Protein chains: 2
Amino acid sequence: MRSSDIDVHGTADEQLRRAGQRYTANRRSLVDALVGSSGPVTVIELLESIDGMAQSSAYRNLAVLEEAGVVHRVVTDDDTARYELAEHLTGHHHHLVCARCGAVIDIDVPNVIEDELRSLSAKVARAHGFRIDHHRLDLVGTCGNCTAPTD
Amino acid sequence: MRSSDIDVHGTADEQLRRAGQRYTANRRSLVDALVGSSGPVTVIELLESIDGMAQSSAYRNLAVLEEAGVVHRVVTDDDTARYELAEHLTGHHHHLVCARCGAVIDIDVPNVIEDELRSLSAKVARAHGFRIDHHRLDLVGTCGNCTAPTD
DNA sequence: ATGAGTGCAAAGGCTTTGCATTAGG
DNA sequence: CCTAATGCAAAGCCTTTGCACTCAT
């Protein structure tokens with residue numbers, strides 16, 4: 001399942017309506033920007049690629065979109081939040097993170113591991129009285145650019 | 001391997017010396033506070049349990065301790081950093097996170113999964129030109145308190 | 001004595017909020 | 001019309017930094 005295979009805007013619209021929200025031009029712009037990215041992006045990056053949107057609108061609308069389940073807020077190592085489309089729009093995936101420059105790349109993980117993680121979740125939920133919603137798996141290292149000779 | 005089984009202060013001292021740093025009273029207090037916790041704690045929590053240490057000293061010393069490899073900075077969902085002892089002092093583990101209140105609890109993961117993750121890392125490293133240092137696995141959900149009837 | 005460590009207060013950077021204006025149903 | 005959404009500016013919150021003082025070697 002890839003963003004290109006689904007009617008992202010239609011789905012977003014529907015999810016927002018269901019949440020009692022409108023799918024405004026600004027919100028559409030944000031979703032468009034996210035569709036075009038290969039991994040979670042920062043608010044600043046979004047603003048750069050959108051032009052004319054107030055910073056406060058970006059933050060407010062991303063919050064609305066997250067609340068409605070259209071986008072997902074991601075925090076890695078640096079303390080700048082990043083956003084990506086929700087998993088039902090992108091497919092389940094995990095992240096490869098550069099600890100140096102903060103770059104984040106989407107990666108897929110073998111089903112064997114996903115299965116193991118699901119059963120682990122069930123076990124841990126029981127043991128600790130949690131309800132587990134999802135798991136998060138990041139591989140953290142240094143990307144090609146940051147290892148480059150220029151260092 | 002548990003904190004109680006190792007000479008944490010001796011190790012910390014040695015690591016700091018190796019990094020050209022001193023193991024001062026403040027740094028020792030921070031390590032002590034971390035030894036007593038069952039998971040990553042926020043700087044504010046550390047300050048509450050220490051008494052008399054300036055906030056700036058906490059941040060500065062935690063940075064030094066992290067640089068020396070004594071502690072590890074952890075970021076989860078809220079944007080407050082948390083700190084824990086480095087893995088060679090606590091053993092390799094992962095985190096159970098409450099998305100509601102932010103609580104973080106250490107958990108162990110079966111070796112099968114750890115093995116799978118290691119080989120996944122190697123594969124992904126090759127595919128993306130990364131050098132992978134470690135992985136991070138969080139199970140995210142809602143803890144018992146936050147699911148309680150009082151809601 | 002000399003540089004590292006400390007505390008206090010001020011500054012920074014990301015994010016949120018207040019308020020008046022604009023736009024959508 | 002009437003509420004939601006927007007932009008601008010101000011405020012908040014966590015974290016970092018500047019500076020003078022203190023401590024350890």
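Lettering follows sequence order; numbering is per chain, from 1. No experiment lies behind these values; they were computed from the predicted model shown.
Under the 4.5 Å side-chain heavy-atom criterion for ILVMFWY residues, no single connected hydrophobic cluster contains both Val74(A) and Leu47(A).
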What's touching nucleotides 12-16 of chain D from the protein side, N or O pairs under 3.5 Å?
| from | atom 1 | to | atom 2 | distance (Å) |
| --- | --- | --- | --- | --- |
| dT15(D) | OP1 | Ala81(B) | N | 3.0 |
| dT15(D) | OP2 | Tyr59(B) | OH | 2.4 |
| dT15(D) | O5' | Tyr59(B) | OH | 3.3 |

Distances for protein N/O vs nucleotides 1-4 of chain C N/O pairs under 3.5 angstrom?
| from | atom 1 | to | atom 2 | distance (Å) |
| --- | --- | --- | --- | --- |
| dA4(C) | O4' | Arg22(B) | NH2 | 3.3 |

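With Ser57(A) contributing its side chain and Met53(A) its backbone, the two residues share no donor-acceptor pair below 3.5 Å.
Distance CZ (Arg17(B)) to C1' (dA24(D)): 11 Å, rounded to an integer number of Å. Look at CG on Leu62(A): it is 13 Å from C1' on dC14(C), rounded to the nearest Å. Counting to the nearest Å, the C1' atom of dC14(C) and the CD atom of Glu45(A) are 14 Å from each other. In this structure, the CG atom of Leu47(B) is 14 Å from the C1' atom of dT6(C), given to the nearest Å. One interatomic measurement links the two molecules: CG of Leu30(B) to C1' of dG5(C), which rounds to 13 Å at whole-angstrom precision. In this structure, Met53(A) places its CE atom 14 Å from P of dA5(D), rounding to the nearest Å.
If you check the side chains of His9(A) and Tyr23(A), you find a donor sitting under 3.5 Å from an acceptor.
A salt bridge links Asp13(A) with Arg17(A); the closest basic N to acidic carboxylate O contact falls under 4.0 Å. The pair Asp79(B)-Arg73(A) counts as a salt bridge, with a side-chain nitrogen and a carboxylate oxygen less than 4.0 angstrom apart. A salt bridge links Asp77(A) with Arg136(B): the closest approach of a Lys/Arg side-chain nitrogen to an acidic carboxylate oxygen falls below 4.0 angstrom.
Scanning all heavy atoms of the two residues, the minimum distance from Pro40(B) to Asp106(B) falls at CD-OD1, 3.6 Å.
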Please report the C-alpha distance between Leu96(B) and Asp138(B) in whole Å, then the side-chain angles of each, then the deciding distance to 0.1 Å, and finally whether the side chain to side chain contact (heavy atoms under 4.5 Å, CB included) criterion is met. CA-CA 6 Å; Leu96(B) 175 59; Asp138(B) 300 332; over 6 Å; no
Next item on the list: Report the C-alpha separation of Arg82(A) and His72(A) in whole Å, then their side-chain angles, then the decisive distance to 0.1 Å, and conclude whether the side chain to side chain contact (heavy atoms under 4.5 Å, CB included) test is met.
Entry: CA-CA 8 Å; Arg82(A) 286 162 190 272; His72(A) 181 222; over 6 Å; no
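OP1 and OP2 of dA23(C) both lie 4.0 Å or more from every side-chain N or O belonging to Asn26(A). Remark: Thr24(A) is not in phosphate contact with dA5(D), judged by side-chain N or O atoms under 4.0 Å from OP1 or OP2. Note on Asn61(A): a side-chain N or O is less than 4.0 Å away from OP1 or OP2 of dT6(D).
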